[in-house]
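Below is one structure; the comments refer to it alone.
We count ligands from 1, going down the list as the structure has it; atoms in each ligand are counted the same way. These values consider heavy atoms only, across backbone and side chains, with no hydrogens, waters or symmetry-generated copies.
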Amino acid sequence: MRQFGKLTRRLFIKGGIWSTALFFWNLFRGLTKAEATDSFSGTDFVGKTREGKHRSFYINFWKPMRRINGKTWTLKISGLCESPTTFTLTDLKNLPAQSQSSRLKCVECWSARAEWRGFSIKELEKVIRPHASARGVVFHCGDEYKEYLSREALTQDRVLLVHSMNGKLLSDAHGFPLRLIAPSKYGYKNPKAILEMEYVAEQQSGTWSKIGPYSPDGTILPGGDHPLEYDKQPRRISGGEIPY
Ligand SMILES: Nc1nc2c(c(=O)[nH]1)N[C@H]1C(S)=C(S)[C@@H](COP(=O)(O)O)O[C@H]1N2
Ligand SMILES: [Mo]
C-alpha cells in the first residue's frame, strides 16, 4: 500500500491531476473488463471421471477445467465470416431446437447413448454468414482442447450443437453450456465446453489426433464396441453412426 501511495504521489507531481485521473480510470476499466470477459466461475474443477454416477457415461477432459459460469459465458464466433457474432446462452436456446437420441462412441472403445437437444449449425450460419473460403471450424474449449471439423461434416443431418442432455441442461462434466454432437464420428470429434468457433480456410489437427494414432477425420470404423449401459458386453459394429 505504501508503494502504491508513493506511485500515486509521483504520478501527481510529474503529470499533475489529469494523468493521475487517467491512470485510475484505466485501472478501473482494466478491472471491470477482466471481470466481464471471464467465463469461468468459482475455484472448483471438473475433470476426467469414470466413477460413481459417471460409470454409465464416462467423462473425458483433456485438462481439469474451472466450471463455466453460464451467466457470463458467451459463444464467440470468429474468423472467416461476414458478421462475427457473440451469442449468449439465452440467444442459443432461442434458436429453433431439435432433439435426437444418439450414441457417443469413444475411440477407446466405450460408448453410451443419450437424448440430446440443441440446434443445427445452419441456424447459426444464417446469422454469421461464413465466407465461401471458410472450409471448416476450429472449436476452442474451456480445457484448452481444440478440434477441427469441416463445414461439410458440420452441416450433415444429425450433427447438432447441444445445450441439453436427457431433458436437463448439460452438466459441467458433459460440457456445459454447449457441445457438439456428431454421431457418425468418434467422441474426440464432439468437443465440449465450447468457448469459441473459429471459421478457417484450411484443415487443422485437433488435440486428439495430435497425441494418438487417430484419424483427423474421426469417422467411426467397423470394429468392436463396449456399451456402458450393457455392462460393456462386447459387440460388433459396422462403420458410421451406431443405430442401436
Ligand atoms: N473440451 C473437451 N471436449 C471433449 C474432450 C475433451 O477432452 N475436452 N474429449 C472428447 C472425447 S475423446 C470424448 S470420448 C468425449 C466424451 O464426452 P463425455 O465426457 O461427455 O462422455 O468428449 C470429447 N470432447
Ligand atoms: Mo474419447
Side-chain angles (χ1 to χ4, degrees), residues 39-40 45-70 73-76 100-118 121 137-149 153-154 158-198 204-221 223-230 232 237 239-242:
S39 303
F40 299 98
F45 285 77
V46 280
K48 194 162 175 154
T49 324
R50 295 189 163 191
E51 306 299 325
K53 64 177 176 187
H54 299 304
R55 281 163 71 107
S56 58
F57 207 132
Y58 292 169
I59 304 301
N60 206 18
F61 271 110
W62 168 236
K63 289 181 181 174
M65 179 190 86
R66 281 171 68 199
R67 287 173 200 282
I68 289 179
N69 180 348
W73 173 89
T74 52
L75 172 67
K76 186 177 167 207
Q100 85 190 15
S101 162
S102 54
R103 179 169 294 279
L104 185 88
K105 162 131 187 93
C106 177
V107 72
E108 293 172 319
C109 229
W110 62 271
S111 76
R113 178 172 286 277
E115 174 86 13
W116 311 98
R117 187 165 176 80
I121 201 159
V137 177
V138 178
F139 293 84
H140 300 271
C141 305
D143 57 346
E144 293 172 24
Y145 188 82
K146 215 174 88 172
E147 192 48 86
Y148 167 92
L149 281 95
L154 286 169
R158 292 178 65 71
V159 173
L160 296 179
L161 281 160
V162 310
H163 43 67
S164 302
M165 177 183 184
N166 297 330
K168 292 191 210 127
L169 280 183
L170 282 171
S171 63
D172 294 309
H174 284 297
F176 176 83
L178 190 70
R179 81 175 300 165
L180 185 75
I181 289 296
S184 68
K185 305 220 178 247
Y186 290 118
Y188 66 91
K189 301 297 282 189
N190 293 234
K192 321 193 284 186
I194 300 168
L195 302 180
E196 178 175 346
M197 289 168 52
E198 184 191 0
Q204 298 190 19
S205 39
T207 304
W208 217 246
S209 57
K210 265 197 244 165
I211 57 170
Y214 306 123
S215 76
D217 168 73
T219 299
I220 298 174
L221 300 172
D225 183 33
H226 293 79
L228 295 180
E229 69 273 50
Y230 306 131
K232 298 206 235 175
I237 51 165
E241 177 172 1
I242 305 171

Non-hydrogen atoms of [X] and [Y] that approach each other most closely:
X: Arg67; Y: Asp172; result: NH1-OD2, 2.6 Å
X: Pro216; Y: Lys189; result: O-NZ, 2.6 Å
X: Gly142; Y: Met65; result: C-SD, 3.3 Å
X: Ser205; Y: Lys146; result: O-CE, 4.3 Å
X: Ala193; Y: Ile68; result: CB-CD1, 3.9 Å
X: Ser215; Y: Tyr188; result: O-OH, 2.6 Å

Gap separating the CG atom of Leu170 from the OG atom of Ser164, nearest 0.5 angstrom: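 Spacing of CG (Leu170) from OG (Ser164) equals 6.5 Å.
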
Rounded to the nearest 0.5 Å, how far apart are CZ of Arg55 and OG1 of Thr49?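 OG1 of Thr49 is found 13.0 Å from CZ of Arg55.
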
Among Leu180, Asn190, Leu149, the one residue meeting side chain to side chain contact (heavy atoms under 4.5 Å, CB included) with Val159: Leu180

Could you point out which residue of Phe61, Phe176, Tyr145 forms a side chain to side chain contact (heavy atoms under 4.5 Å, CB included) with Lys192?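 Filter result, single survivor: Phe61.
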
Can you sort out which atoms of ligand 1 are near [X], meaning under 4.0 Å from one of its heavy atoms?
X: Cys141; answer: 1 (N)
X: Ile59; answer: 19 (O)
X: Cys106; answer: 14 (S)
X: Phe61; answer: 6 (C), 7 (O)
X: Trp62; answer: 6 (C), 7 (O), 8 (N)
X: Tyr188; answer: 10 (C), 11 (C), 12 (S)
X: Phe57; answer: 21 (O)
X: Trp110; answer: 14 (S), 21 (O)

At what distance is the nearest protein heavy atom to [atom], and which residue and atom is it?
atom: atom 16 (C) of ligand 1; value: Leu104 CD2, 3.6 Å
atom: atom 3 (N) of ligand 1; value: Lys192 N, 3.0 Å
atom: atom 22 (O) of ligand 1; value: Arg179 NH2, 3.4 Å
atom: atom 6 (C) of ligand 1; value: Tyr145 CD1, 3.5 Å
atom: atom 12 (S) of ligand 1; value: Asn60 ND2, 3.0 Å
atom: atom 21 (O) of ligand 1; value: Tyr58 O, 2.5 Å
atom: atom 8 (N) of ligand 1; value: Asp143 OD2, 2.7 Å
atom: atom 23 (C) of ligand 1; value: Gly187 O, 3.2 Å

I need the contact type for [X] against ligand 1. Using non-hydrogen atoms and a strict under-4.0 Å cut-off, is it side chain, backbone, both or neither?
X: Phe139; result: neither
X: Thr207; result: neither
X: Ala193; result: neither

Within a strict 4.5 Å, meaning less than it, do heavy atoms of the Tyr58 and Glu108 side chains meet?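 Of all side-chain heavy-atom pairs linking Glu108 with Tyr58, none is under 4.5 Å.
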
Please tell me if the side chains of Asn166 and Phe57 come closer than 4.5 Å, counting only heavy atoms from C-beta onward.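 No, too far: nothing below the 4.5 Å cut-off.
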
Looking only at distances, can you tell me whether any N or O atom of Asn190, backbone or side chain, sits closer than 3.5 Å to an N or O atom of ligand 1? yes

Polar contact flag for Trp208 and ligand 1 (N/O pairs, less than 3.5 Å): no

Whether Arg103 and Glu229 form a salt bridge (side-chain N of Lys/Arg under 4.0 Å from carboxylate O of Asp/Glu) is what I want to check. yes

Full working for ring-ring contact (aromatic ring centres under 6.0 Å, His included) between Tyr186 and Tyr214: CA-CA 10 Å; Tyr186 290 118; Tyr214 306 123; 7.8 Å; no

Measuring from non-hydrogen atoms of Pro191 to any atom of ligand 1, is the shortest distance under 4.0 Å? yes

Looking only at heavy atoms of Tyr186, does any of them come nearer than 4.0 Å to an atom of ligand 1?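 The answer is no, since Tyr186 has no heavy atom less than 4.0 Å from ligand 1.
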
